[in-house]
Protein chains: 2
Amino acid sequence: MPEVAASRRVTSADIAKDVGVSRATVGFVLNSTPGKKISEATRARVLESAARLGYQPNRAAADLARGRSKIILLVLPDRLLGPSMQASLDEGARVLAEAGYALVTQPQARPLGGIPPLWETLGPDVVIGWTTFTPEEVMSMRAAGVRRIRPRPGESARYDQAPGVAEGARMQVDHLHELGHRRIAVAALNDPQMIELQRSRADAAMQRAEELGMETVALRSVDHRDGSSAEAVRIWHDDGVTAVVAYNDDVAATVAGAAIEAGLRVPQDLAVIGHDDSPIASLFVPPLSSIRMDTVEAARYLAAVALHEADGRPVTSTWTALDTRVVARRSTLG
Amino acid sequence: MPEVAASRRVTSADIAKDVGVSRATVGFVLNSTPGKKISEATRARVLESAARLGYQPNRAAADLARGRSKIILLVLPDRLLGPSMQASLDEGARVLAEAGYALVTQPQARPLGGIPPLWETLGPDVVIGWTTFTPEEVMSMRAAGVRRIRPRPGESARYDQAPGVAEGARMQVDHLHELGHRRIAVAALNDPQMIELQRSRADAAMQRAEELGMETVALRSVDHRDGSSAEAVRIWHDDGVTAVVAYNDDVAATVAGAAIEAGLRVPQDLAVIGHDDSPIASLFVPPLSSIRMDTVEAARYLAAVALHEADGRPVTSTWTALDTRVVARRSTLG
DNA sequence: TTGAAAGCGATACCAT
DNA sequence: ATGGTATCGCTTTCAA
């Protein structure tokens, strides 16, 4: 039965006093400082005392003393918050937690209307983003004491080299090819934040189609709120396009919806395949074929990279191809 | 052209030296400490120097000295991460930023597989959750130095008293009533995290239906992955139910989808209304009627409460009814 | 109006 | 194997 101090927080000095050793010794035990020999007896007594007193180290003091925050900040694009992404983040957080790091996520990079970015207020050791940061952002990070930044400033994000990006797009095309489609379109989303990723996926899809000897029409952005999706569907259909590769499942739903509204049958008149296997893919009628990636593995790798940046520890796992596969549903199978 | 120190961070001592005053004075200026009279001249010089040198206060040191972190942690349920929620959080963050607080969100309360909750690692001043925290969680927060917790430990969350919860549910029912429906069902989601909110919404809906003299059938949970949604739709239809109030848009899509798959027409044979007006509501075919709330206003209020807890400043805005309204689409209008 | 100095609590180096 | 203690950078009280 732990007795939690009602008023003052428990400090390492309290433990030292309780056990009858110095604060230094307490610190050595609690941080299992390497190169320090502490007798098993005192070690046990310190740990027991810490547990009994409900000791929690003071973040601020520890951060100040060691000069680092042990926080890793992940800057996400607005949307990418599907359930699978969520699961990945959990996995990443778990790996980082084992190394003593806390993972904090910030929804978006660009400060909207005067919200200072979290890197200024939290002073994370590492900031990881999906796209390259602007020079201003990098400067403000540096000023805030951020030690490492990914993607490295100056480097391009190069999504196309990330695992799963090209694979997923290729598999979308392969799937349509296997089903006999020979003239396809690529549909994107009007979302500036995601341009780089969209481009990479679209490029990979186009290239794959060419390899397979398929014909493609120009990339179009669709938005269900204006008439762009209806127009796109009409143009595509008139143009002999029989299938559409969508950037993600929302886009796939937009296209499929516009097709249905236009009186076309999905997939007989127009097949559609999405990407990410988000909830809408299985909820839509007809259910949307999509691409499911093992993003958990990706998160694990990302965490390893983060630890590499933070602690200099080697990146063990490799940027291998992710477990990516087609989830075939009625929007292509009929 | 700010000259950012390449190696060492800029400290308040650097500014003091640069300007030729003491570190204390620098601190007074930078924190605009009340009750301190600093000549306009030195104040300007300090600020200029800080800007030129690219000074960013060291979080850890400041936190340690003042004994608070100026972090407010918001613990969200897994799902509630729709775009509207996102916009609200931005608004909340903005209000808090003005008061010098950083808003950090944690996706879920229960630590999954050994991820320590962020309140242990960040030591926020205030933790705000959607549901009441367990005694263990409260203890761990206290040990981590968290000063205030909402909902207050021991208090029930009482969603039904939060603005917009009952309103939204009532409006769903009112909408169906106006369209002539007299026998309705309520559909929930199998999600333990959300039970309290679901119950509150469901109760409000049932009660409203009763007030209006409508008949209701027992609450059912649906899941598109098992056969439960198909079964529910069959039972409801056989039972003379003509419309369904869904807990949220995902549930509405599940129900509408099952109805369509069963050969029913939506809304002629079964009308469905969702809640939250999330993307799936407008993307689904037919588009789903839903409830849109001004969650931005709610976030503003929540931020005010947080500041009240943190700084003791009065809660100015009131828990007024939110701007909540029906977005009527074809899933009810036909 | 400004400065000196005492903490805040953990870390880690240097002794013992 | 353990203990002193200087240090991190800022806040804040007390003097000047």
Side-chain angles (χ1 to χ4, degrees), chain A residues 5 7-46 49-50 53-70 100 120-121 123 125 143-145 147, chain B residues 5 7-46 49-50 53-70 100 120-121 123 125 143-145 147:
Chain A
S7 49
R8 208 172 44 72
R9 282 192 64 179
V10 180
T11 75
S12 73
D14 294 327
I15 299 187
K17 188 141 47 67
D18 183 56
V19 177
V21 295
S22 74
R23 290 169 51 227
T25 304
V26 172
F28 294 148
V29 171
L30 262 31
N31 301 323
S32 38
T33 312
K36 283 291 171 184
K37 270 80 193 29
I38 302 291
S39 73
E40 207 38 65
T42 48
R43 142 177 251 87
R45 283 163 58 222
V46 167
S49 175
L53 267 39
Y55 171 75
Q56 285 276 93
N58 179 311
R59 247 209 156 265
D63 286 0
L64 179 57
R66 74 168 98 83
R68 338 163 122 242
S69 63
K70 298 232 136 194
E120 281 183 10
T121 39
D125 291 336
R147 315 170 84 87
Chain B
S7 50
R8 211 172 41 73
R9 282 191 64 176
V10 180
T11 75
S12 74
D14 294 325
I15 299 187
K17 187 142 45 68
D18 183 56
V19 177
V21 295
S22 76
R23 293 169 50 228
T25 304
V26 173
F28 293 149
V29 172
L30 262 30
N31 300 325
S32 39
T33 312
K36 282 290 172 183
K37 270 82 190 32
I38 303 289
S39 72
E40 207 38 65
T42 48
R43 145 179 249 85
R45 283 162 57 222
V46 167
S49 174
L53 266 39
Y55 172 74
Q56 286 277 92
N58 180 309
R59 245 210 152 300
D63 287 358
L64 179 56
R66 74 168 96 85
R68 331 160 128 247
S69 62
K70 298 232 136 196
E120 281 184 9
T121 39
D125 291 338
R147 314 169 87 87

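Protein chains get the first letters and strands the later ones, always in sequence-line order, with residue 1 at the start of each.
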### Task
Give a yes or no on whether the backbone of Gly27(A) and the side-chain of Asn31(A) come within a donor-acceptor separation of less than 3.5 Å.
yes
### Message
Given 3.5 Å as the limit, does a donor-acceptor pair link the side chain of Arg45(B) with the main chain of Val19(B), or not?
### Response
yes
Nearest to the side chain of [X], heavy atoms from C-beta on, is which of [options]?
X: Arg23(A); options: dT5(D), dT2(D), dC10(D); answer: dT5(D)
X: Ala61(A); options: dC10(D), dG9(C), dG3(D); answer: dG9(C)
X: Ala62(A); options: dC10(D), dT11(C), dA12(C); answer: dT11(C)
X: Phe28(B); options: dG3(D), dG3(C), dG9(D); answer: dG3(C)

Mind calculating the distance between [atom1] ([X]) and [atom2] ([N]) to the nearest angstrom?
X: Arg68(A); N: dA12(C); atom1: CZ; atom2: P; value: 10 Å
X: Leu30(A); N: dG9(C); atom1: CG; atom2: P; value: 16 Å
X: Asn58(B); N: dT11(D); atom1: CG; atom2: P; value: 10 Å
X: Asp63(A); N: dC10(D); atom1: CG; atom2: P; value: 14 Å
X: Arg9(A); N: dA10(C); atom1: CZ; atom2: C1'; value: 11 Å
X: Ile15(A); N: dT2(D); atom1: CD1; atom2: P; value: 16 Å
X: Ile38(A); N: dG3(D); atom1: CD1; atom2: P; value: 8 Å
X: Leu64(B); N: dC8(C); atom1: CG; atom2: C1'; value: 4 Å

### Message
Using the side chain to side chain contact (heavy atoms under 4.5 Å, CB included) definition, which of the options Val21(A), Thr42(A), Ile38(A) pairs with Val26(A)?
### Response
Val21(A)
Heavy-atom closest contact ([X] atom, [Y] atom, distance):
X: Asp125(A); Y: Ser69(A); result: OD1-N, 3.0 Å
X: Ala16(A); Y: Ser22(A); result: CB-C, 3.7 Å
X: Arg9(A); Y: Ala144(B); result: NH1-O, 3.3 Å

When we call it a touch if two heavy atoms are under 4.0 Å apart, what does [X] touch: a base, just sugar-phosphate, or nothing?
X: Asn31(A); answer: sugar-phosphate
X: Thr33(B); answer: nothing
X: Val26(A); answer: nothing
X: Ala24(A); answer: base

Phosphate contact ([N] OP1 or OP2) by [X] side-chain N/O below 4.0 Å:
X: Tyr55(A); N: dA10(C); result: yes
X: Ser22(A); N: dG4(D); result: no
X: Thr25(B); N: dG3(C); result: yes
X: Thr42(B); N: dT2(C); result: yes
X: Ser12(B); N: dC10(D); result: yes

### Query
Mapping Arg66(B) and Ser39(B) onto DNA chain C by nearest heavy atom, which one lands closer to the 5' end?
Ser39(B)
